[in-house]
Structures are given as structure tokens and as C-alpha cells.
Amino acid sequence: MGQRWSPGSMRGVAVRLRFSPSPTGYFHVGGARTALYNWLEARRQGGTFILRIEDTDTERNRPEWVDGIQSAMRWLGLDWDEGPYFQSLRAHLYEAAAAKLMVGGQAYWCDCTREVVLERTRGNAIPGYDGFCRDRDLEPGAGRALRFRVPEEGSTTVVDIIRGRPTFENATIEDFVIVRSNGTSLFVLANVVDDVDMGVTHVIRAEEHLPTTPKYLLLHGALAGGVDLPVFAHVPVLVDERRKKLSKRTHRVALEDYREQGVLPEAMRNYLVLLGWAPGGDREVLTLSEMVEEFRLEDVNSSPAFFDERKLLHFNGEYIRALDPDAFVARSAPFLEQGGWAPDDFDPAAFATLAPLVQERVKTLGEVPAMVDFLFQAEAPIEAKAWEKRVVRGASAREILAAAVDVYGSVEWDAATLHESTADLGDKLGLTLGKAQFPIRVAITGRDVGPPLFESLVVLGRERSIRRLRTALERLDAAGPPASPDRPAG
RNA sequence: GCCCCCAUCGUCUAGAGGCCUAGGACACCACCCUUUCAAGGUGGCGACACGGGUUCGAAUCCCGUUGGGGGUGCCA
């Protein structure tokens with residue numbers, strides 16, 4: 001008790017956290033989780049959440065990625081109090097810092113190309129640049145990069161809320177480049193300068209940054225005397241099924257993909273927060289305010305987590321089912337445009353009637369159109385596999401369809417009556433209701449799975465339903481007698 | 001190679017020396033319910049990587065081994 005570091009103990013100190021993505025690709029789930037953890041910690045402590053775009057590498061940045069990051073964060077509900085700041089607009093600060101280091105002798109110019117360095121250091125015990133230009137007193141000039149002079153003695157210790165105190169021997173750290181030969185600053189410099197300038201108190205970032213943290217610390221010491229150093233928290237990376245770091249290149253990880261698939265942001269948020277952290281008790285589903293209240297950085301796990309799409313989808317199903325029926329209808333709207341019917345043929349009232357039955361059957365909103373498209377298309381959208389299995393080869397399919405045309409023509413058009421008469425119809429053929437339903441379901445909806453049949457019939461209407469049953473009969477007859485599965489023809 | 005990090009069911013995790021016969025969730029299997037499919041209910045399968053310590057007592061603390069991961073760019 002009281003042994004653990006607790007942010008709550010820093011009462012009165014306004015915390016400032018930043019999420020600082022690099023716009024070099026689609027915003028992905030790992031970045032989203034890091035952003036979420038930053039946001040939660042900032043909100044829990046009543047601090048400030050800053051968005052900073054780290055676009056110092058002009059070769060790899062694209063403006064549309066910046067928009068993607070912002071819209072994804074808004075979608076997830078991660079609002080920021082300051083920013084977005086752009087490092088590309090703050091170059092003067094980095095230049096000033098570089099000049100200060102140069103004047104103080106903590107940085108020096110180097111004209112070694114990558115090839116030359118590689119050649120000269122091959123076989124060295126300590127990898128990386130060997131400090132060749134340390135004492136050459138080179139002037140700035142074309143093709144020359146600025147390197148930081150790393151102390152040869154001593155060690156640098158990172159104080160990390162999640163990982164304790166990893167320590168690095170300075171001798172194993174090379175004199176790293178802080179300003180490119182084209183005059184632009186690198187991430188490692190800009191990152192420290194901005195954190196100092198913005199008064200960042202907590203750096204929550206992915207574990208892959210841990211090995212560069214001693215460079216951060218050294219730079220911070222040279223620039224700001226190590227005063228008001230932020231505390232670090234390096235969260236574990238997200239991995240794939242082979243336990244490799246999730247990458248934008250090889251995995252489907254873009255948040256936008258999940259959004260388009262019909263994953264709810266609240267489900268994504270909830271799933272993401274559990275990748276490395278768990279609330280007390282045997283709970284997993286929690287509201288945003290519960291997360292804000294209960295999240296503790298010091299309780300974040302230190303081992304990598306596998307991003308399990310199946311569990312995400314399970315959560316999404318739970319969140320969808322928990323929606324008010326009205327909300328479900330409203331949130332399905334954007335997805336209903338992909339249903340394959342003419343916009344004018346969509347009937348909102350018909351959809352609203354069937355919606356509650358659809359709601360409890362889907363795991364994503366993207367599945368909604370396929371559940372109701374039979375209502376808005378002129379003909380039943382017949383699925384070849386279902387037709388073959390349930391009608392062509394289905395037990396007594398022809399008799400069922402013919403009997404349905406007959407019976408449905410005269411009964412009361414409500415679900416209870418249709419249920420009853422279809423059961424009777426099945427009885428006469430010695431079939432359970434489940435079996436008797438299949439040919440009718442395929443004739444009406446085109447598929448052998450979907451919302452409950454009798455409710456679907458009611459919404460479709462008597463006339464259209466009977467027409468579809470007749471169409472199915474014609475189609476069946478046109479195909480001729482089915483080949484016997486036992487005795488192949490020929 | 002060198003530096004650093006990590007290690008509980010297949011997966012995400014609970015676990016702060018005795019509450020552990022190691023709990024929950026996803027997935028999977030069986031059964032129940034049932035208007036197809038879902039959902040729901042009940043049950044099942046299933047883990048402390050290994051070896052040494054410390055201790056009356058270790059999943060938990062220490063050391064080592066093994067395994068995995070990250071970094072090793074004039075990327076972030």
C-alpha cells in the first residue's frame with residue numbers, strides 16, 4: 001500500500017499529455033489504443049490532452065493521413081484540448097535548439113555518408129556510428145548532418161510507470177543524428193523540444209520507443225537540464241497471430257476499415273481499453289465514464305497483446321443489441337445505402353418494423369442490408385447455394401411451395417396465423433416447422449438464414465410473397481427434374 | 001551480433017506471499033430453449049515456460065536457462 005507510484009498523489013499539478021502520431025499511413029488500432037490511454041489518463045486527472053502531428057519526415061507524410069487521424073479520433077470520441085500542432089510549422093524551435101547544442105559543444109557536424117559509416121564500423125563491438133567526426137570541428141555545409149555528442153561514460157535510466165527503471169549504458173548509444181544534411185530536424189530532437197515547450201508531464205507511447213528514450217533523456221538534459229522531466233509509460237505493442245508487431249503494411253488494422261464494416265466506436269473503444277488493462281471485478285463491458293474513473297496507467301500490462309477480431313466483433317454485437325431500437329435504425333442508415341436496391345425503393349417504415357429482429361442477429365452494422373434487402377428489391381435476391389441446398393435438393397420443396405401458394409392466399413396475414421398454417425402444412429408432409437420453412441424462406445428472402453420468416457412475410461405483404469413463391473416454382477420447374485444425388489446422371 | 005523489454009488456458013486477462021481445488025471473457029465442444037440464423041441458459045475442454053534459491057508457505061520475491069518480442073535509419 002502506497003508503495004506504487006500514483007498519479008493521484010500529484011495533487012495540484014496540472015498534467016499535460018500528448019498523442020503524437022506520424023501521418024505516414026492509415027490510422028491503425030495500435031495508435032488508437034495509445035491515443036485512448038493518453039486521453040483516459042488526461043481526463044481522469046483533469047489534465048490537458050494535446051494532439052501533435054509529428055510530420056518532420058516530409059518524404060513520407062501525406063496531408064490526407066492527417067485528416068484520417070483526426071476523423072478517426074473524433075469517431076472514437078477522443079477529443080483534444082490543444083492542437084493539432086504541426087512540427088512542420090515549428091522548425092524554427094528545433095533550429096534554435098540545435099544551435100544551442102552546437103554552441104555548447106554538445107553537438108557537432110559530420111560529413112560521413114551512411115555507406116562510409118557502415119564500411120568503417122563493420123565488425124565493431126558497439127554498433128552504429130563510431131564518432132569519427134567528433135573532434136574534426138567541421139563547419140556546417142552541404143551534405144553535413146548534426147550529431148549529438150553522447151557521453152562516453154555513465155548510464156541513462158528511464159523512469160517508466162509500466163516498466164520500472166530500464167537502464168542503458170551510454171557507451172552503447174551512438175552519436176545520433178539530430179539534424180539531417182538537408183537542414184530538417186529528426187523526430188528525436190523535435191519530440192524533446194516540443195515536450196519541453198508544451199510542458200508535457202506524461203509521455204505514454206508504444207514500447208517500440210523505449211530504446212530511443214535514453215536519447216530523449218540525454219537531449220532533455222542538454223536542452224533543459226533535465227528539469228521537469230516527464231514520466232514515461234511505454235505500453236506494449238499489439239501483435240498478430242504470429243506474435244509479430246502489427247504493421248500497416250501487412251495487416252488489416254486501419255480503424256477506418258472497422259468503421260466502414262459497421263463496428264461501433266463505443267465497442268471499439270471498449271475492446272481497445274482491455275488490450276493491456278482490466279477493470280476490477282469480473283467485468284469487461286464498461287461505459288466511457290467508468291473507464292475514465294477506473295483507468296490506472298500503473299495497472300497497464302507489460303506484455304504484448306494480440307488483437308483478436310473475433311472478440312471485438314463479440315463486443316460489437318453486445319453494443320448493437322444494447323442500442324435503443326430507434327438508435328439502431330438511425331445508425332444503420334448509412335449502411336443501408338449499400339443494399340443493392342434503388343434508393344426510391346427503400347421503405348423506412350418496413351425497415352423499422354423488422355429492425356428489432358435484425359438488431360439481435362448482427363455483429364456489425366454492415367450485415368444489416370443483407371438481412372432486409374429482400375424487402376426492397378423487386379425479386380428475391382436468390383443465393384445460389386441456398387437455392388441448391390434448400391429448394392433443388394430440399395425435402396418436398398415443390399410440394400411445400402405449392403401448398404404455401406394455396407394456403408397463404410386465404411389465411412389472415414399476421415405472423416401467428418402464418419406460423420400456425422405453415423406448421424400444419426409441414427405436418428401433412430411429415431416435416432418439422434424448421435424444415436418446412438426452408439423452401440419458403442429461400443423463395444421469399446433468397447437466403448436460408450435471416451430474420452424470422454413469418455414476421456418477414458407480414459412486412460413483405462401477401463401479394464408480393466405469393467408472387468415470389470410462384471416465381472420460385474417456375475424457376476424450379478424450368479430447371480427440370482433434379483438429378484438424383486444417389487445415381488449421377490449419365 | 002549488440003542493447004532493451006516480456007513470459008498465467010488457443011486468445012484477452014484476474015492475481016500485490018496463505019483467500020488458488022488458479023477466477024472471468026472470447027473462441028471451441030455438448031445439451032437446453034427455438035420459426036432458419038443469431039441471442040439466451042446450463043455444463044465441458046483448457047494455463048502459472050523450465051531450473052535453482054528465499055520462506056513455515058511462491059503464480060506472486062531473487063537468480064539463471066529457455067522461448068518470444070522490440071530496437072539497432074540522415075523513419076516515427
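Letters go in sequence order (proteins before strands), and every chain restarts at 1.
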(Q) With a 3.5 Å cut-off and heavy atoms only, can you find an N or O donor on one side and an acceptor on the other between the side chain of Glu241(A) and the base of U11(B)? (A) no
Q. Looking at Tyr129(A), does the NZ or CZ of Arg147(A) lie under 6.0 angstrom from its six-membered ring centre and within 45 degrees of the ring axis?
A. yes
Q.
For a quick check, tell me whether the side chain of Lys311(A) and the base of A25(B) share a donor-acceptor pair closer than 3.5 Å.
A. yes
Q) Picking from C6(B), U13(B), U36(B), which would you name as closest to the side chain of Asn301(A)? A) U13(B)
**Q.** Presence of donor-acceptor pair under 3.5 Å, side chain of Arg310(A) and base of C26(B)
**A.** no
Q: When you get a sec, tell me which of U36(B), A14(B), A7(B) is the closest nucleotide to the side chain of Arg441(A)?
A: U36(B)
Q. Of the candidate nucleotides U35(B), G40(B), C6(B), which contains the atom at the shortest distance from the side chain of Ser302(A)?
A. C6(B)
Q) Cation over ring, Arg462(A) on Tyr408(A), under 6.0 Å and within 45°? A) no
**Q.** Listed nucleotide nearest any side-chain atom of Phe438(A), set U36(B), U35(B), A38(B)
**A.** U36(B)
(Q) For a quick check, with a 4.0 angstrom heavy-atom cut-off, what is the B/S/- contact string for nucleotides 64-76 of chain B, read 5' to 3'? (A) -----SBS-SBBB
Q) Rounded to the nearest 0.5 Å, how far apart are CG of Leu336(A) and CG of Asp373(A)? A) 10.5 Å
Q: Select one nucleotide: of A39(B), C12(B), C6(B), the one nearest the side-chain heavy atoms of Phe306(A).
A: C12(B)
Polar atom pairs (N or O), protein with nucleotides 20-23 of chain B, under 3.5 Å:
unit_1 : atom_1 : unit_2    : atom_2 : d
G23(B) : O2'    : Asp282(A) : OD2    : 3.4

